[in-house]
Amino acid sequence: MAGGPGRGLGRGMPPMGLSPLGTATGLPLGSTPGAFQSGQGRMQAAAHFLSERLRQDLQQRSYLLHAQAPPDADGVQRMPPMLGPYHSLCPLEEASAEERPSQVFGMRTAMFKGISVADGAGYALRRIDGRQVIPTAEMLTMAQQAVEAWAPLAGQPHLNPLRGALISADLGGIPSLILAHDYHPGAVTLEAAHLLPATSASGLVLRHAPTEEQLWGYAAQLAAALRSVHGAGLTCRAAALHPSKVLLVSPGRIRIGSLGVNEVLQREAIPAGSTSLRQDLSSVGRLLLRLACSGAPLPSLDYCAAHFSLDFAHLTGALLASAEGGALGHWSQLCVVLGEHMAGELEGAHLYSEALIAQLAKEAENGRLLRLLARLSMVVDRPAGDPDSHWSETGDRYLLKLFHDFVLHQVTEDGAPMIDWGHVVEALNKLDAGVPEKVLLLSRDEASMLVVSYADIKRCVETAFAELKSRGSSMRGPQARLDLRRRLDSQAHHSHGSA
């Protein structure tokens with residue numbers, strides 16, 4: 001799927017943007033299907049939790065990261081349990097794609113997903129067909145040098161450089177070169193997002209042509225990427241700037257992929273001369289022109305000028321002329337031309353960052369309340385096997401048991417369970433703050449009532465939990481465990497005797 005209609009990371013699109021896989025529900029930010037009711041005057045339940053759209057997107061990414069190929073699936077190459085340091089292998093392409101030569105590299109390649117045992121991260125593994133390219137020690141050395149050269153740019157947000165290399169015969173039984181890049185779950189190429197036809201649910205064949213605002217955003221991000229690459233004395237090369245190699249990792253955000261692959265396959269040192277830098281600028285121009293002309297039989301500046309602004313057409317033409325000595329010969333000049341749009345990208349990135357921080361704040365609050373609720377639950381209702389199972393029924397612990405029921409076991413007037421998230425969050429927040437507000441606690445048999453403040457309940461929680469921790473520490477020694485076993489045996493003996 002294509003990215004959102006906005007520019008860059010946040011302009012003109014929902015703060016919690018769609019996944020490239022289309023996992024969004026179309027719900028407004030913060031809404032939850034079937035949200036639990038909240039009492040009058042309380043915040044809606046969904047507002048306390050991560051937005052449903054973002055939650056589904058993160059969950060989908062997790063599913064894709066840990067996906068594995070079914071061992072008995074038809075048309076799927078059988079995956080070995082390990083490929084070097086990588087496990088949980090899964091094909092990222094259809095089996096038929098492995099038999100077609102790559103349109104960029106001119107040889108058969110296959111893409112797999114694997115998880116590294118070294119850091120637990122996912123990697124996209126590109127296997128170069130060993131029948132076409134016989135791996136040698138020299139080639140592996142060249143690949144390792146490329147990994148080291150690109151290592152300083154591993155954290156750049158618009159690049160996906162080479163991260164590892166090995167030679168293995170575990171796939172297909174033929175020794176082949178394996179090149180590893182970071183895996184971005186749900187990412188699609190710009191070619192798949194904008195150039196290849198897609199079939200809608202109704203059977204219509206559609207192309208998601210990019211808007212001019214999107215193209216300006218792509219240009220700004222590519223300029224930022226070239227700034228980092230050229231500043232490090234490296235070049236991207238035309239292969240990495242092909243639409244089939246640039247990834248759309250989230251709406252409006254791109255990464256230049258397959259960096260370092262061409263150097264290894266061509267067995268050439270990484271050039272850094274002015275000619276190579278101009279060729280990168282020209283490759284950016286060809287990429288933008290091809291995206292702008294997605295609805296034309298052939299890319300042309302005339303088509304671009306007829307369907308987009310003259311400013312964009314002039315920029316594309318200047319980039320294309322860079323390789324022939326045109327006026328635009330350095331990334332800094334490109335950034336000057338893109339000044340207004342670079343500012344828009346920065347604004348969008350900050351808006352997106354603020355939206356994510358707001359979502360993170362909800363989860364931080366939920367984590368704080370979870371720890372408080374866990375402490376409360378550890379104190380009340382100790383199991384029967386506990387050395388003193390009646391400990392939670394006496395003293396201040398009995399008050400905590402009543403408060404536990406007050407928070408989680410509310411009922412309506414006719415005795416039906418009442419699920420009120422607003423009440424739960426409000427009560428736990430007041431408990432954590434220790435406010436002087438008083439609350440009426442009623443026993444389960446309604447025989448006794450207590451009126452206490454949240455501050456008193458907080459003091460009881462802290463005292464009881466500290467006592468519980470102290471008892472746990474004192475029961476860790478061998479003698480303490482022996483005394484516990486004797487006590488339990490004595491209780492069992494008395495129970496059998498009374499029976």
### Query
Short question: side chain of Ser176, backbone of Gly130 - any donor-acceptor pair under 3.5 Å?
yes
### Query
What's the spacing between Lys469 NZ and Met378 CE if we round to 0.5 Å?
10.5 Å
### Query
For Thr211, does its backbone N or O pair with a side-chain atom of Gln214 as donor and acceptor, under 3.5 Å?
yes
### Verdict with supporting geometry, Glu345 and Tyr218, side-chain contact (heavy atoms from CB on, under 4.5 Å)
CA-CA 10 Å; Glu345 282 295 295; Tyr218 293 162; over 6 Å; no
### Task
Would you name the heavy atoms of Pro135 and Met139 that are closest together and state the gap between them?
CA-SD, 4.3 Å
### Task
For the residue pair Thr189 and Leu248, establish whether any side-chain heavy-atom pair is separated by less than 4.5 Å.
no
### Query
Will you find, in the side chains of Glu148 and Gln144, an N or O donor that is under 3.5 Å from an N or O acceptor?
no
### Query
With no hydrogens and no angle check, is any side-chain donor or acceptor of Asp280 less than 3.5 Å from a backbone partner on Thr235?
no
### Query
Do Asp170 and Met82 have side-chain heavy atoms sitting under 4.5 Å apart?
no
#### Entry: salt_bridge(Asp57, Arg61) N-O dist < 4.0 Å
yes
### Task
Might you point out which heavy atoms bring Ser244 and His242 nearest each other, and give the distance in Å?
OG-ND1, 2.8 Å
### Task
Answer yes or no: is there a donor N or O on one side and an acceptor on the other, between the side chain of Gln59 and the main chain of Arg55, under 3.5 Å?
no
### Message
Between Arg163 and Ala180 (side chain of the first, backbone of the second, donor and acceptor by atom type, cut-off under 3.5 Å), is there such a pair?
### Response
no
## Note on the structure
Taking every heavy atom of Phe312 against every heavy atom of Ala292, the minimum-distance pair comes out as CE2-CB, 3.9 Å
### Query
For Met111 and Glu93, which heavy atoms make the closest approach, and how far apart are they?
N-OE1, 3.4 Å
### Task
Look up atom CD1 in Ile115 and atom OH in Tyr183, then write down how far apart they are to the nearest 0.5 Å.
9.5 Å
### Message
Return the CD1 to CD1 distance between Ile134 and Ile167, rounded to the nearest 0.5 Å.
### Response
11.5 Å
### Query
Closest approach of Ala219 and Leu315, non-hydrogen atoms and distance?
CB-CD2, 4.5 Å
### side-chain contact (heavy atoms from CB on, under 4.5 Å) partners of Leu320, counting only residues at least two apart
Arg286, Leu289, Leu301, Thr316
### Query
Atom CG in Leu356, atom CG in Leu351: separation rounded to 0.5 Å?
11.0 Å
### Task
Would you give the length of the straight line joining atom OG1 of Thr109 to atom CZ of Phe112, rounded to the nearest 0.5 angstrom?
9.5 Å
### Message
Can a donor-acceptor pair be found, under 3.5 Å and without considering hydrogens, that links the side chain of Gln221 to the backbone of Ile254?
### Response
yes
### Message
Would Trp216 and Leu338 count as a side-chain contact (heavy atoms from CB on, under 4.5 Å) here? Give the steps.
### Response
CA-CA 8 Å; Trp216 281 115; Leu338 293 170; 3.5 Å; yes
### Interatomic distance, Leu277 atom CG to Leu281 atom CG [nearest 0.5 angstrom]
7.5 Å
### Query
Heavy atoms, side chains only, cut-off 4.5 Å: are Ile256 and Asn160 in contact?
no
### Task
Return yes if some donor-acceptor pair links the side-chain N/O of His66 with the main-chain N/O of Ser62 below 3.5 Å, else return no.
yes
### Query
Just by distance, with hydrogens left out, do Ser258 and Arg126 show a side-chain donor and acceptor under 3.5 Å apart?
yes
### Task
Could you walk me through whether His181 and Tyr123 pass the side-chain contact (heavy atoms from CB on, under 4.5 Å) test, one step at a time?
CA-CA 6 Å; His181 292 78; Tyr123 290 88; over 6 Å; no
## Note on the structure
In short, Val229 meets Leu159 closest at the heavy-atom pair CG2-CD1, 3.6 Å
### Query
Taking the side chain as C-beta and beyond, is there a heavy-atom pair between Leu125 and Lys113 under 4.5 Å?
no
### Message
Using a 3.5 Å distance criterion without hydrogens, assess whether the side chain of Ser283 forms a donor-acceptor pair with backbone atoms of Gln279.
### Response
yes
#### Entry: Student check: side-chain heavy atoms of Val147 and Trp150 closer than 4.5 Å
no
### Query
Is a side-chain donor-acceptor pair under 3.5 Å present for Glu191 with Gln103?
yes
### Evaluation steps, side-chain contact (heavy atoms from CB on, under 4.5 Å), between Met342 and Cys335
CA-CA 7 Å; Met342 299 285 280; Cys335 290; 4.0 Å; yes
### Task
Starting from the C-alpha separation in whole Å, work towards a yes-or-no answer on side-chain hydrogen bond (donor to acceptor under 3.5 Å, both in side chains) for Glu363 and Gln359.
CA-CA 7 Å; Glu363 292 305 299; Gln359 296 295 317; over 6 Å; no
### Query
Do Ser294 side-chain atoms and Arg290 backbone N/O form a donor-acceptor pair below 3.5 Å?
no
### Message
I'd like to know if the side chain of Ser282 and the backbone of Arg278 have a donor-acceptor N/O pair within less than 3.5 Å.
### Response
no
Acceptor/donor pairs from residues 367-374 side chains to any protein atom, 3.5 angstrom cut, sequence neighbours excluded:
from: Arg368; atom 1: NH1; to: Asp432; atom 2: OD2; distance (Å): 2.4
from: Arg368; atom 1: NH2; to: Glu365; atom 2: OE1; distance (Å): 2.3
from: Arg368; atom 1: NH2; to: Asn429; atom 2: OD1; distance (Å): 2.8

### Query
With side chains defined as the heavy atoms from C-beta onward, is the minimum distance between Met107 and Ile128 less than 4.5 Å?
yes
### Query
With a 4.5 Å limit on heavy-atom distance, are the side chains of Ser250 and His184 in contact?
no
### Task
Kindly indicate whether the side chain of Val261, heavy atoms from C-beta on, has any atom under 4.5 Å from the side chain of Lys245.
no
### Query
Would one find more than 12 heavy atoms of other residues, nucleotides or ligands at under 6.0 Å from atom CG of Leu346?
yes
### Task
Return yes if a side-chain donor-acceptor contact under 3.5 Å exists between Arg253 and His158, otherwise no.
no
